[in-house]
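First the structure, in the form of structure tokens, and then the observations on it.
In listed order, ligands and their atoms are each counted from 1.
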Amino acid sequence: MRKPIIAGNWKMHKTVNEAVDFARSIENKLPDPERIETVICAPFVDLPALVEWAKDKQVGIGAQNMHFEEQGAFTGEISPVMLKELGVQYVILGHSERRQYFNETCESVNLKAHAAHKHGLIPIICVGETFEEREEGQTKEVVRSQVIKALTNLTGEQVKQSVIAYEPVWAIGTGQTPTAEEANDVIAYIRQVVAEQFSPDVAEAIRIQYGGSVKPDNIAQFMQQTDIDGALVGGASLKPDAFIGLLEG
Ligand code: PEP
């Protein structure tokens, strides 16, 4: 069956020294890797030190974005080849903050998803509705469109190895969440969309996380849901004790 995946998204937090201190303080408390996949998605500059630390541990290290080209005149960007060479295994794509502040589009997320798979990186593809879209009853329509566009022309095998994070924009960093049942309902719908676009087999295999104000004291209710395969967590992943609390869920 699908193994749950808990991924911390540190956003623009932690210098290299802070990242290493964090890593050392959790290393003896990591969960059984047979039960939970643990991932830390850190700022680019932290990645070499974290990859080195994680070498003899069952923790995946991820980036929070990348360009879709392998190299070129794209000042300030990082390519999938660079991440792969470092030993990074995951990359968050289409986070709502990238969509909102950095002109990320469904089309660029799709290009990046192809690039990730080409270079053996696992994309964690973020989708989710805004507060206004939710109020207007458009949640499923919005996530349907984002999922279809993000996965366009990927193979079934590539989709099986991808991760989707359902992150309602209004729940990110706000302390507000949908109920676990509401999140599960949207995630089950995403699985249905994947089944239609690819196959039931692919839909059964892909892992779909919930993200948005997940904390140690509310994670269990999300994890108990049938279709929720873990969480993508921002704020609560920044403190070692809270991160361990999430993993103990
Ligand atoms: C996120 O950054 O993906 C996120 C879900 O943030 P938070 O947990 O702080 O809401």
Is there a polar contact, in the sense of an N or O pair closer than 3.5 Å, between H95 and ligand 1?
yes
Give the residue, atom name and distance (to 0.1 Å) of the protein heavy atom nearest atom 9 (O) of ligand 1.
G235 N, 2.8 Å
Using a strict threshold of under 4.0 Å (side-chain N to carboxylate O), is an ion pair present between K160 and E157?
yes
Proximal ligand 1 atoms for S213, defined as those under 4.0 Å from one of its heavy atoms:
7 (P), 8 (O), 10 (O)
Taking distance alone, with N or O pairs closer than 3.5 Å, would you say K11 contacts ligand 1?
yes
Show me which atoms of ligand 1 lie under 4.0 Å from any heavy atom of V233.
8 (O)
Closest contact, heavy atoms only, R99 versus G94
NE-O, 2.8 Å
R134 charged N/C atom sitting above F131 aromatic ring, 6.0 Å / 45°
no
Which residue and heavy atom of the protein sit nearest atom 5 (C) of ligand 1, plus the separation
E167 OE2, 3.1 Å
Over all atoms of both residues, closest heavy-atom pair of A49 and V16:
CB-CG1, 3.9 Å
From the candidates G8, S96, G173, A165, the one that places a heavy atom nearest atom 10 (O) of ligand 1:
G173
Indicate yes or no: does an N/O atom of G234 lie under 3.5 Å from an N/O atom of ligand 1?
yes
S237 touching ligand 1 at heavy-atom level, < 4.0 angstrom:
no
Quick one: which ligand 1 atoms are inside 4.0 Å of a heavy atom on A171?
10 (O)
Carboxylate-amine/guanidinium proximity below 4.0 Å for R207 and D227:
no
With atoms numbered from 1 as shown, which atoms in ligand 1 lie under 4.0 angstrom from a non-hydrogen atom of G212?
5 (C), 10 (O)
Same hydrophobic cluster for F44 and M82, using side-chain heavy-atom links shorter than 4.5 Å among ILVMFWY?
yes
Under the salt bridge (charged side-chain N to carboxylate O under 4.0 Å, His left out) criterion, do K84 and E70 qualify, and how do the steps go?
CA-CA 11 Å; K84 187 66 189 173; E70 293 177 7; over 6 Å; no
Regarding R2 and E204, does a basic nitrogen lie under 4.0 Å from an acidic carboxylate oxygen?
yes
Taking everything shown except N153 itself, do over 12 heavy atoms lie less than 6.0 Å from its CG?
no
May I ask you to identify, for N9, whether its side chain, its backbone, both or neither come under 4.0 Å of ligand 1 on a heavy-atom basis?
side chain
Applying a strict 4.0 Å limit to heavy atoms, is A236 in contact with ligand 1?
no
